[in-house]
Amino acid sequence: MPSDAFVAQLNEQIGHEYTAHQQYVAIAVHYDAETLPQLARFFYQQALEERDHAMMMVQYLIDADERAVVPGVAPPLVDFSDIVGPVALGLSQEKRVTEQINALAALARTEQDYSSEQFMQWFIKEQIEEVATMSDLLRVVERSADHAMDIEDYLVREQLSEEGEDPTAPHPAGSG
Ligand SMILES: [Fe+2]
Ligand SMILES: [Fe+2]
């Protein structure tokens, strides 16, 4: 059984994942309106992944017969002055979430809640990938800030948002 402290903190994390979801939707809509379809596509896809993360956590709590609370979230930033800002924001968001995920794993261990510690392992691996992807993109966007089409070409070439099936991923609630 998950520890009470872990359940409370995981419920908070569901809110953080939805906050990330909303922020990525806002960024995607911004790029879409600027007619940068590849940047838009990348962030729409990132948003869906954040929603999945939240729903994986919901499913874990349901499976453990614990209460999962669907959170409200703070409004995302929607005003951006250049092409770099949203990606920099994305990277700082991923770094913050990495700290939150690590703190959840540490809490599970302190509480001797080993099933929750194991549940967090997939998210630790996922955060390493998300930080790496976003810092690669930030480097490209900074280098080509005045050449938006180079950034769009990069996204087409690298297929950053194509994840492929991950059989080790936890099951998101509601996904069949
Ligand atoms: Fe996430
Ligand atoms: Fe993420």
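What's counted below: heavy atoms across the whole structure, side chains too, no hydrogens, waters or symmetry copies. Order of listing sets the numbers, starting from 1, for every ligand and every atom in it.
- For Asp166 and Lys125, the salt-bridge test passes: some basic side-chain N is under 4.0 Å from an acidic carboxylate O.
- Taking the Fe ion (ligand 1) as reference, Glu50 places its N/O/S atom OE1 nearest.
- Here the shortest heavy-atom pairing between Ala105 and Glu117 reads O-CG, 4.2 Å.
- Of all N/O/S atoms in His53, ND1 sits nearest the Fe ion (ligand 1).
- Contact between Trp122 and Ala169 at its shortest, heavy atoms only, is NE1-CA, 3.4 Å.
- Among the atoms of Glu49, no N, O or S atom falls under 2.8 Å of the Fe ion (ligand 1).
- Between Val97 and the choices Gln13, Glu50, His53, Glu126, the side-chain contact (heavy atoms from CB on, under 4.5 Å) rule is met once, by Gln13.
- Counting just the N/O/S atoms of Glu130, the one with the shortest distance to the Fe ion (ligand 2) is named OE1.
- Here the side chains of Ile151 and Leu36 are not in contact, with every heavy-atom distance at 4.5 Å or above.
- In summary, Glu17 places no N/O/S atom under 2.8 Å from the Fe ion (ligand 2), failing the contact criterion.
- At a cut-off of 2.8 Å, Glu126 does not coordinate the Fe ion (ligand 2) through any N, O or S atom.
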